[in-house]
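As structure tokens, the structure follows; a few thoughts come after it.
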Amino acid sequence: MRGRSVRIIYICLACVFALTACRAGGSEQTANSNSPTITPIANRFSEGETELPDSRKIRLGFSQLGSESDWRLANTESIREAAEEAGIELLFDNAEQSQQKQVEAVRSFIAQKVDVIAIAPVIETGWEPVLQEAKQAGIPVIVSDRFVELQDPSLVVTFVGSDFYDEGQKAAKYMIDKMRDQGDRIGIVELRGTEGSTPSIERGSGFHDLIKDRENFKLLESESADFTFAKGKEVMRKFLERRGSDIKVLFSHNDDMALGAVEAIEEFGMRPGKDIIIISVDGTRKAFEKMAEGKINCIVECNPLLGPILMQLVMEISEGRSLPNRIVTPESVFTESMAAAEVNNRKY
Ligand code: AHR
């Protein structure tokens with residue numbers, strides 16, 4: 001029975017992949033045929049077998065970067081659930097924001113001879129040596145959520161995740177429109193994510209590229225708060241002490257930091273969402289609740305539910321198929337007026 005349901009899930013996932021692949025744009029569709037391959041899954045079932053023995057299940061080693069945000073918790077949950085449903089044996093490691101621990105996890109997956117390795121990397125640089133080791137061991141690697149910077153692109157089979165640059169641009173477009181009648185000195189503060197991480201680099205670039213030639217917008221402060229609620233609150237408090245009512249807009253690179261900032265703004269005696277326009281990224285249920293209360297004005301969605309597509313890619317690799325080298329998840333923008341209707345639909 002289990003074997004049949006695994007096959008059915010596999011067929012469904014293949015359909016999802018076809019749809020997702022169609023949505024991803026142009027050069028992102030280039031197939032990467034340089035990666036090592038493993039035993040095709042079809043060959044893992046013997047004649048008349050209804051259940052895949054543990055010894056022949058696909059083994060996936062997944063290195064998660066941490067548990068810094070609600071987004072990350074939802075991402076972890078999605079990966080665990082999808083692996084279970086697909087009948088994939090998951091070796092999971094949480095690196096608690098340490099790249100060194102991620103490297104150690106990858107080495108341990110190599111030593112355990114997993115079939116596929118997936119990494120959600122905390123920062124972009126410093127991956128080449130350990131990925132060379134995985135390649136030499138013939139283990140294909142998928143990068144999920146954030147990018148890695150590589151001289152040799154053949155070290156990674158595919159990337160699945162969001163277009164963070166586009167997210168930054170969406171945030172800036174909302175702000176430009178919202179503030180169009182607000183005069184010529186609009187003070188902005190920015191809460192950046194983890195230094196050196198793709199979402200922080202790309203969201204920042206996307207946002208700044210759109211406003212750099214608009215002289216009415218002034219960036220007053222920009223500092224990393226590491227994607228956490230506590231640091232978001234602490235750094236926003238500092239911004240308020242230094243800049244007070246000159247702050248008209250907050251761009252926060254994620255919801256956890258924005259929620260911390262909302263508390264700091266209220267404690268300072270200002271009204272979040274009114275005295276200070278707040279634009280955030282992710283789309284967690286908690287942030288939607290605050291938006292429904294009028295305390296956040298806009299949320300650019302970033303989807304953490306990558307488990308099903310990741311498992312599908314693992315299966316595709318196991319089939320020996322070529323994959324696009326980048327798969328981008330489709331995402332929306334939500335504003336105050338949509339919050340009440342949407343809040344109960346949020347899955348994370
Ligand atoms: O890499 C995705 C980002 O990491 C999410 O926006 C953030 O909440 C998380 O910590």
Side-chain angles (χ1 to χ4, degrees), residues 62-79 94-99 101-102 118-125 127 142-149 159-172 190-207 223-233 235-236 250-262 278-291 296 298-307 309-310 326-334 346-348:
F62 183 81
S63 167
Q64 178 61 287
L65 67 93
S67 43
E68 72 287 358
S69 63
D70 279 1
W71 189 101
R72 187 67 50 200
L73 300 180
N75 181 245
T76 292
E77 187 63 19
S78 169
I79 286 159
N94 181 341
E96 296 157 351
Q97 302 283 334
S98 154
Q99 185 185 34
K101 285 190 184 164
Q102 290 205 277
I119 309 172
V122 61
I123 56 169
E124 291 192 349
T125 52
W127 293 99
I142 299 172
V143 171
S144 157
D145 168 28
R146 301 179 180 180
F147 279 123
V148 293
E149 209 180 276
F159 163 82
V160 58
S162 306
D163 183 338
F164 297 125
Y165 183 85
D166 190 47
E167 290 172 353
Q169 295 241 308
K170 285 172 179 164
E190 178 182 29
L191 288 171
R192 300 197 310 270
T194 303
E195 295 293 18
S197 71
T198 317
S200 186
I201 297 168
E202 295 287 315
R203 285 173 190 160
S205 308
F207 186 83
E223 201 173 312
S224 167
D226 220 8
F227 285 127
T228 69
F229 177 95
K231 287 196 187 151
K233 184 170 178 178
V235 176
M236 187 67 202
L250 162 65
F251 172 41
S252 172
H253 287 196
N254 87 342
D255 285 346
D256 295 71
M257 296 187 295
L259 291 169
V262 164
I278 300 183
I279 305 161
S280 182
V281 186
D282 277 354
T284 63
R285 182 181 274 259
K286 281 185 203 156
F288 264 77
E289 283 164 1
K290 281 287 174 235
M291 190 157 70
I296 291 179
C298 173
I299 297 175
V300 177
E301 188 179 38
C302 177
N303 186 359
L305 307 178
L306 300 176
I309 183 78
L310 180 62
R326 186 172 176 197
I327 297 161
V328 179
T329 44
E331 291 160 346
S332 307
V333 177
F334 297 92
R346 298 314 292 168
K347 295 198 167 51
Y348 56 98

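Atoms within each ligand, like the ligands themselves, are counted from 1 in listed order. FYI, the numbering just counts along the sequence from 1.
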Seminar exercise, completed: A student checking ligand 1 against Ser69 at a 4.0 Å heavy-atom cut-off should list atoms 7 (C), 8 (O), 9 (C), 10 (O)

Problem set entry | Pro199: numbered ligand 1 atoms lying under 4.0 Å from its heavy atoms | 1 (O)

Exercise. Can you say whether the rings of Phe334 and Phe288 are parallel (under 30°), tilted (30 to 60°) or perpendicular (over 60°)?
Worked result: perpendicular

Strictly by modelled atom types, are [X] and [Y] linked by a side-chain donor-acceptor pair under 3.5 Å?
| X | Y | value |
| --- | --- | --- |
| His253 | Glu190 | yes |
| Gln64 | Thr76 | yes |
| Glu124 | Thr198 | yes |

Please report which non-hydrogen protein atom sits nearest to [atom], along with the residue it belongs to and the distance in Å to one decimal place.
| atom | value |
| --- | --- |
| atom 5 (C) of ligand 1 | Asp282 OD1, 3.4 Å |
| atom 2 (C) of ligand 1 | Asp145 OD1, 3.3 Å |
| atom 3 (C) of ligand 1 | Arg146 NH2, 3.8 Å |
| atom 10 (O) of ligand 1 | Glu68 OE2, 2.3 Å |

Exercise. Picking from Trp71, Phe251, Phe207, what satisfies side-chain contact (heavy atoms from CB on, under 4.5 Å) with Val281?
Worked result: Phe251

Exercise. Does Arg203 reach ligand 1, in the sense of a heavy atom lying below 4.0 Å from it?
Worked result: yes

For this session: Please determine if His253 has a nitrogen or oxygen closer than 3.5 Å to a nitrogen or oxygen of ligand 1.
Result: no

Exercise. Is there any N or O on Arg72 that sits under 3.5 Å from an N or O of ligand 1?
Worked result: yes

For this session: Salt-bridge test for Glu202 and Arg146: reply yes if a basic N is under 4.0 Å from a carboxylate O, no otherwise.
Result: no

Problem set entry | Stepwise salt bridge (Lys or Arg N to Asp or Glu O under 4.0 Å) check, Arg72 with Asp145 | CA-CA 10 Å; Arg72 187 67 50 200; Asp145 168 28; 2.8 Å; yes

